[in-house]
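Please read the structure below before turning to the comments.
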2 protein chains.
Amino acid sequence: MAANSTVESIILGCLTTHPMSGYEIKQLISLSTSLFYNASYGSIYPILKKHEESGLVSVEELIENGRFKKIYHLTEKGYSAFLTWLEETPQPITMRNDMLVRLFFFNNLTREKQSDITRMYLDHLRDFRQRLENIAPAAAAYSDPYKEYTLRWGKDFYVFLIEWYEKLLSDLE
Amino acid sequence: MAANSTVESIILGCLTTHPMSGYEIKQLISLSTSLFYNASYGSIYPILKKHEESGLVSVEELIENGRFKKIYHLTEKGYSAFLTWLEETPQPITMRNDMLVRLFFFNNLTREKQSDITRMYLDHLRDFRQRLENIAPAAAAYSDPYKEYTLRWGKDFYVFLIEWYEKLLSDLE
DNA sequence: AAATTATATATCATTATGATATATGGTGGT
DNA sequence: ACCACCATATATCATAATGATATATAATTT
């Protein structure tokens, strides 16, 4: 019923595999969806509290190795709300692409500084792409083809970006 | 001097071409950078006030056709702060990609619903791409190659997305 | 003449980030 | 054995940004 936001739904989605703590949800998001949709502790903990109040999750409080811990379980109502969200029309992409803003105003820089910035950015893109390649084997162990698809998207996107800025750099020189 | 944020710098960047009102800045952003970096009135007006207090812009208040209006001028200090920001290392991309979150959790849907959502999304992408093609002639009139580059990036990105989801759809079917 | 759209500024509740605070358990080095 | 550091774990807060709404007038369309 509840018209959940995307972050609210990601949290429910994480809990579909197994019950976990807020900390583990954050870890999972960082390793998987963060490339295309991130969430901070400052979002996650308040949303978990809200989900509890709405009955979408239930909380199991326990002490593990002497450490206090809250394990969140997805309720039937929570899974139903998640499915309702999942079937909705996807929202358009929004992004914060700092490099493109700089390119937009490149006419204020010398040709040399333009090339410097583009080269620096290409280094970052190549580095990031390599990190995505490195986590590929771990993701393959998921045995969920859709998790692999989203990782594939990330790699394809960074290949697109690298080729695009390589072309830009050669145009500048 | 001032460690400006990207939105703060976009506003300064807009004023490098000619003095304009907050309303005109918003219009300009919507037509140009919004694809890769958007800003709302709720950001723009408070930032303009802040820029005025920092001496990065000066304000000219006037009445045009009986309507009250504030025209913001970039000061030398403002242009200098803009250049300082422009030469900094670009920040990594962050995005909100709702469709990829749904794909990440596609295992919770029937094959038919998966295809429906993907097809709907492809319609949206094709529509959006067409709108980008339509504004191309207007942007060409800028006579600034870097403005054209960023528009080119937008079009290339949407071509990438359309091809990617066409492939996904054929995999699903 | 009426309705709608465009111009123009401003604020507000809500959402989200990034940083910080607090605390304990485990690991590695000397 | 001790210390430093890192991982686990929850929580809050100032700051930032959105999307909506309020207000007002001019211009355009019906």
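Every value quoted in this text rests on a predicted model; they were computed, and no experiment measured them. Below, chain A is the first sequence line, B the second, and so on; all start at residue 1. Note: hydrogens, waters and symmetry copies are ignored here, and every other heavy atom, side chains too, is used.
Residues meeting the ring-ring contact (aromatic ring centres under 6.0 Å, His included) test with Y37(B), sequence neighbours left out: none. By the side-chain contact (heavy atoms from CB on, under 4.5 Å) test, D123(A) pairs with R126(A), sequence neighbours left out. Contacts of P19(A) classified as side-chain contact (heavy atoms from CB on, under 4.5 Å), with partners at least two apart in sequence or in another chain: I71(A), H73(A). The side-chain contact (heavy atoms from CB on, under 4.5 Å) search around K50(B) returns E8(B), not counting sequence neighbours. Qualifying side-chain contact (heavy atoms from CB on, under 4.5 Å) partners for R67(A), counting only residues two or more places apart in sequence or in other chains: none. Partners of K70(B) according to the side chain to side chain donor-acceptor pair (under 3.5 Å) rule, which considers only residues two or more places apart in sequence or in another chain, do not exist here.
With T84(A) contributing its side chain and S80(A) its backbone, the two residues share a donor-acceptor pair below 3.5 Å.
dA9(D) atom C1' lies 11 Å from atom CD of E64(A), rounded to whole Å. Across the protein-nucleic acid pair, I44(A) atom CD1 and dT8(D) atom C1' stand 14 Å apart, rounded to whole Å. Whole-Å rounding puts the I63(B) CD1 to dA24(D) P distance at 16 Å.
Listed in residue order, the members of residues 18-27 of chain A having a heavy atom less than 4.0 Å from DNA chain D are S21(A), G22(A), Y23(A), Q27(A).
Across all strands shown, E61(B) has no heavy atoms under 4.0 Å from either base or sugar-phosphate atoms.
R102(B) CZ to T89(A) OG1: the interatomic distance, rounded to the nearest 0.5 Å, is 7.5 Å.
Computed from C1' positions of five pairs at each end, the angle between the two local axes of the helix from dA1(C)-dT30(D) to dT30(C)-dA1(D) equals 40°, rounded to 10 degrees.
Contacts classified as ring-ring contact (aromatic ring centres under 6.0 Å, His included) and involving residues 86-122 of chain B (residues at least two apart or in different chains) are given here: F82(A)-F105(B), Y146(A)-F106(B), Y121(B)-H124(B), Y121(B)-Y165(B).
If you walk DNA chain C from 5' to 3' and mark each nucleotide with an atom closer than 4.0 Å to a heavy atom of chain B, the marks span dA6(C) to dT17(C).
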Dump the pairs, protein N or O against N or O of nucleotides 14-18 of chain D, anything under 3.5 Å, distances to one decimal.
from    : atom 1 : to     : atom 2 : distance (Å)
dA17(D) : O3'    : R96(A) : NH2    : 2.9
dT18(D) : OP1    : N38(B) : O      : 3.3
dT18(D) : OP2    : S40(B) : N      : 3.0
dT18(D) : OP2    : S40(B) : OG     : 3.1
dT18(D) : OP2    : S43(B) : OG     : 2.9

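Aromatic rings from Y149(B) and W153(B) are positioned such that their centres are separated by 6.0 Å or more.
Considering every non-hydrogen atom in both V101(B) and W85(A), the closest pair reads CG1-CH2, 3.7 Å. Looking at every heavy atom in both residues, S54(A) comes nearest to K77(A) through O-NZ, 2.9 Å.
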Which side-chain N or O atoms in residues 21-29 of chain B pair as donor and acceptor under 3.5 Å with protein atoms at least two apart or in another chain?
from   : atom 1 : to     : atom 2 : distance (Å)
S21(B) : OG     : E24(B) : N      : 3.1
E24(B) : OE2    : H18(B) : NE2    : 3.2
K26(B) : NZ     : A39(B) : O      : 2.9

